[in-house]
Novice: 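The following block contains the structure, expressed as structure tokens.
Predicted model, so just to flag it, every value in this text is computed and none were measured.
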Amino acid sequence: MFEGVGMASQVTTFYLNTYFIVVLAWNIFYLIYSFKSPLPWSTCDNSWNSELCHSPLNMIPHQFYPNTSWSFLDNISLPDDFESISYLNLTDLSQPDNTPAEEFWRNRVLRMSDKLLGKVHWDLAPCLLLAWVICYFCTWKGIKSIGKVVYFTATVPYLLLLILFFRAVTLPGAGQGLYYYLFPDLRRLADPFAWEAAAMCVMYTYAMSQGVLTTLGSYNKYNRNCYRDCMALCCLSCVTSIFAGFIVFSVLGFLAHVQGVDLHDVVTAGPSLIFKAFPLALSVLPVSTFWTVLFFLTVFLLGVDSHIMFMESLATAITDMFPRHLRRPGAREVLVLVIAVVCFLLGLTFITEGGIIPFQIVDGFGANGSILLVISCLETIIIGWVYGADRFYDNIEDMIGYRPNPVIKYCWMFITPLISVLLLLLRLLTQFSSFEYGYQLEPVASIVGALLLTTPLMCIPVFIFVALWRNPQNMTSPSSDLRQARPHKPVLTLCKRVIFKAQGPAVGTTAETHEKIMMEEPSGV
């Protein structure tokens, strides 16, 4: 009956497959340019730079001079007429758009025009194609090939992050950034929108409500200790995020130190952090080419690691919908190829002259956090109240041999749905206005955004109505392929009172049994 909830998450995953990989294409583009010396976003001597371009390097000794000492950052000698230089006023952040890093991003990478969709940038298209080729060959053989790839893509970034960490924390001004990071303004705790932003960060970090973790977990053996894995994943992801925060804020502190501004004025997020703030900061380091290549290589590996999970989630979901056709030998490779080709062609939209606007429309509406919150709320309500929290506990105990912490039951039933609803209300009060360079949505773009937002959500009532039409008498019965360890126990109790009685074991049909056999992973994959 609630298959539409899973379908909604897969529609969102399809959006992510289409536009997220564009970030990898931009990263490859930057990685190629990182081998040039001097870095193209460190000077104003390029063909795409405007007359108003100004560089922090105009104020400090060049990083390639021999015997360079970092002490110059504490006692910069400015010219007598410095205050009259209008184009190099770094403390006036009302015009922050003419640094070399900003102009490289705006005039070389995006090359925006007045048209919403202009010509395709054919120097970015090979980068997008290369990203798709890499991701395709990482996922075409299924979970076994992904497992081998992840050994590299998930471990090497930790080594690269460790190297970047020791470089970042030793930069001038890093202490200012770390102080800003470790001692935040506690008054922000009274701001509900700060909690909303933090919750969204957690949801995206753990890929919640996107079906990715569910897909990967489906390949485990039945008696795999999934409860222990979940706890380990949460701890590891949290520690990694905190560790990466030391690097980010150390570099931002260094950038603020070089520009002579408060750290609050340079803190940014999203593509601006990756493609403007970090390149600008790394460009003033000694041996800047090495650090820039190291940074973009780290981002690339992390991006590939995330994107192949999106591809696997979508491919597995489609395969499970049509197991009789897609579990045959060779069908998996063809399916992943079709996904890659379709998403590549759609992704060309995002590397046109106005491609950043469709990119942000899909990012803001298609992968909107409100969709994930609705899915999260419904998933926990279905688990806790419809399927039955006690019955779900029995399933987990049958798998791992013991029952999880009782607090989790009440999280499913009360805490998580309540938090999801409150966060959803907060998001509805927040206007979406984060388009690049103040772009205002045209009526057609608004309609497209509305369709992207409502399409995943419409899957939920549609599948409910289909279930009602097919079998209105057996809507809440579990799937016949899910073993019921204690079918005669109540499915839900609360304070030792029975809320919903036992439903008995589900009876499967011959067609369902055949479909289950077809869904088993072929031994050759």
Novice: Quick one: are the ring centres of W132 and F137 less than 6.0 Å apart?
Specialist: no

Novice: Is it true that a side-chain atom of S209 and a backbone atom of I375 form a donor plus acceptor pair closer than 3.5 Å?
Specialist: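 Not a single qualifying donor-acceptor pair exists.
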
Novice: Side chains of S250 and Y181: donor-acceptor distance under 3.5 Å anywhere?
Specialist: no

Novice: How about F29 and D123: do any of their side-chain heavy atoms sit closer than 4.5 Å?
Specialist: yes

Novice: If you compare all heavy atoms of Q176 against all heavy atoms of G253, which two are closest, and at what distance to 0.1 Å?
Specialist: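 Where Q176 meets G253 most closely, the heavy atoms are OE1-O, 4.1 Å.
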
Novice: List for me each residue that meets ring-ring contact (aromatic ring centres under 6.0 Å, His included) alongside F152, sequence neighbours excluded, and say none if there are none.
Specialist: none

Novice: If only atom types and distance count, is the side chain of Y393 paired as donor or acceptor with the main-chain N or O of K409 below 3.5 Å?
Specialist: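 Judged by distance alone, yes, a pair lies under 3.5 Å.
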
Novice: About how many Å separate CH2 of W195 and CD1 of I419, when rounded to the nearest 0.5 Å?
Specialist: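 Interatomic distance, I419 CD1 to W195 CH2, rounded to 0.5 Å: 9.5 Å.
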
Novice: Just how far is it from atom OG of S9 to atom CD of Q210, taken to the nearest 0.5 Å?
Specialist: 8.5 Å

Novice: Considering residues, nucleotides and ligands other than Y151, do more than 12 of their heavy atoms fall under 6.0 Å from its OH?
Specialist: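 Count not over threshold, so no.
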
Novice: Evaluate side chain to side chain contact (heavy atoms under 4.5 Å, CB included) for C377 paired with L424, printing each intermediate quantity in order.
Specialist: CA-CA 10 Å; C377 182; L424 183 60; over 6 Å; no

Novice: Verify, without hydrogens or angle tests, whether S288 (side chain) and V284 (backbone) share a donor-acceptor contact under 3.5 angstrom.
Specialist: no

Novice: Kindly give the heavy-atom pair with the smallest separation between L39 and S34, and that separation in Å.
Specialist: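 Scanning both residues, the minimum pair turns out to be CD2-O, 3.4 Å.
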
Novice: Do other residues, nucleotides or ligands put more than 12 heavy atoms under 6.0 Å from Y179 OH?
Specialist: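 At most 12 heavy atoms, drawn from other residues, nucleotides or ligands, come within 6.0 Å of this atom.
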
Novice: Mind checking whether F104 and Y33 have ring centres under 6.0 Å apart?
Specialist: yes

Novice: Grab the two heavy atoms, one from T43 and one from P38, that are nearest each other, plus how far apart they are.
Specialist: CG2-CG, 4.1 Å

Novice: Tell me, do M309 and V150 make a side-chain contact under 4.5 Å, heavy atoms counted?
Specialist: yes

Novice: Closer than 4.0 angstrom, basic N to acidic O: yes or no for R188 and E196?
Specialist: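 Salt bridge between R188 and E196, a charged N being under 4.0 Å from a carboxylate O: no.
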
Novice: Look up atom CG in L161 and atom CZ in F243, then write down how far apart they are to the nearest 0.5 Å.
Specialist: 6.0 Å

Novice: Please examine the side chains of V374 and V5, heavy atoms only from C-beta on, and report whether any two atoms are closer than 4.5 Å.
Specialist: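 With C-beta onward as the side chain, the pair stays apart.
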
Novice: Would you say the side-chain atoms of T13 pair up with the backbone N or O of L314, donor to acceptor, closer than 3.5 Å?
Specialist: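 The answer is no, because no donor-acceptor pair under 3.5 Å joins these two groups.
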
Novice: How about W412 and F392: are their ring centres within less than 6.0 Å of each other?
Specialist: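 Ring-ring flag for W412/F392: true, centres closer than 6.0 Å.
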
Novice: Between E103 and R108, is the closest basic N to carboxylate O distance under 4.0 Å?
Specialist: no

Novice: Can T292 and Y30 be said to form a side chain to side chain donor-acceptor pair (under 3.5 Å), step by step?
Specialist: CA-CA 9 Å; T292 305; Y30 270 81; over 6 Å; no

Novice: When rounded to the nearest 0.5 angstrom, what distance separates CD1 in I361 from OG1 in T349?
Specialist: 11.0 Å

Novice: Going through the checks in order, is the side chain to side chain contact (heavy atoms under 4.5 Å, CB included) test met by Y158 and T240?
Specialist: CA-CA 9 Å; Y158 280 100; T240 303; 2.6 Å; yes

Novice: Supply the atom-to-atom distance L453 CG to I371 CD1, rounded to the nearest 0.5 angstrom.
Specialist: 5.0 Å

Novice: Rounded at 0.5 Å granularity, tell me how far OH in Y206 sits from CG in L213.
Specialist: 10.5 Å

Novice: Determine, step by step, whether R167 and L294 satisfy the side chain to side chain contact (heavy atoms under 4.5 Å, CB included) criterion, reporting the C-alpha distance in whole Å, the side-chain angles of both residues, the deciding distance to 0.1 Å, and the verdict.
Specialist: CA-CA 11 Å; R167 171 69 275 191; L294 193 67; over 6 Å; no

Novice: Is it the case that S313 and Q10 place a side-chain donor and acceptor less than 3.5 Å from each other?
Specialist: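 A donor-acceptor contact under 3.5 Å links the two side chains.
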
Novice: For N46 and P40, indicate whether the former's side chain and the latter's backbone hold a donor-acceptor pair under 3.5 Å.
Specialist: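 Yes; at least one donor-acceptor contact below 3.5 Å.
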
Novice: Between the main-chain N or O of Y402 and the side-chain N or O of Y227, is there a donor-acceptor pair closer than 3.5 Å?
Specialist: no

Novice: According to the salt bridge (charged side-chain N to carboxylate O under 4.0 Å, His left out) rule, which pairs have a member within residues 225-252, sequence neighbours left out?
Specialist: R224-D229

Novice: Can any side-chain N or O of S237 pair as donor or acceptor with the backbone N or O of L233 at less than 3.5 Å?
Specialist: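 Looks like no, no N/O pair under 3.5 Å.
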
Novice: Could you check whether any side-chain heavy atom of M311 comes within less than 4.5 Å of a side-chain heavy atom of I146, counting everything from C-beta outward?
Specialist: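 With C-beta onward as the side chain, the pair stays apart.
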
Novice: I want to check something: taking the side chain as every heavy atom from C-beta on, are L282 and F295 in contact at a cut-off of under 4.5 Å?
Specialist: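 Yes; the side chains approach each other to less than 4.5 Å.
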
Novice: Give a yes or no on whether the backbone of V23 and the side-chain of N27 come within a donor-acceptor separation of less than 3.5 Å.
Specialist: no

Novice: One thing to verify: whether E353 and R111 come together as a salt bridge, which I'm taking to mean a side-chain N less than 4.0 angstrom from a carboxylate O.
Specialist: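 A salt bridge is absent here (no side-chain N lies under 4.0 Å from a carboxylate O).
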
Novice: Do W26 and W105 have ring centroids that are under 6.0 Å from one another?
Specialist: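 Between W26 and W105, which both carry aromatic rings, the centre distance is below 6.0 Å.
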
Novice: How far apart are the C-alpha atoms of I318 and I339, what are their side-chain angles, what is the distance that settles it, and do they pass the side chain to side chain contact (heavy atoms under 4.5 Å, CB included) test?
Specialist: CA-CA 10 Å; I318 297 175; I339 293 174; 4.2 Å; yes

Novice: Any side-chain heavy atom of Y204 within less than 4.5 Å of one from L372?
Specialist: yes

Novice: Give the ring-plane orientation class for F310 versus H307, where under 30° counts as parallel, over 60° as perpendicular and anything between as tilted.
Specialist: perpendicular

Novice: Hey, does the side chain of T352 reach the backbone of L348 with a donor-acceptor pair shorter than 3.5 angstrom?
Specialist: no

Novice: Provide the closest heavy-atom pair for A367 versus L16 in the form atom of the first, atom of the second, distance.
Specialist: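 Of all heavy-atom pairs spanning A367 and L16, the closest is CB-CD2, 4.1 Å.
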
Novice: Given side chains that start at C-beta, do those of F350 and L128 come closer than 4.5 Å, heavy atoms only?
Specialist: no

Novice: Closest approach of T215 and Y219, non-hydrogen atoms and distance?
Specialist: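 In terms of heavy atoms, the two residues are closest at O-CD1, 3.2 Å.
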
Novice: Any chance CH2 of W48 has more than 12 other-residue heavy atoms, nucleotides or ligands included, within less than 6.0 Å?
Specialist: yes

Novice: Taking all non-hydrogen atoms of both residues, which atom of N368 and which atom of R427 are closest, and how far apart?
Specialist: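 Result for this residue pair: OD1-NH2, 3.5 Å.
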
Novice: Could you check if a side-chain atom of Y15 sits within less than 4.5 angstrom of a side-chain atom of P456, using non-hydrogen atoms only?
Specialist: yes

Novice: Determine yes or no for a side-chain-to-main-chain donor-acceptor pair under 3.5 angstrom, with T289 supplying the side chain and F35 the backbone.
Specialist: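 Checking the backbone N and O of F35 against the side chain of T289, no donor-acceptor pair under 3.5 Å is found.
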
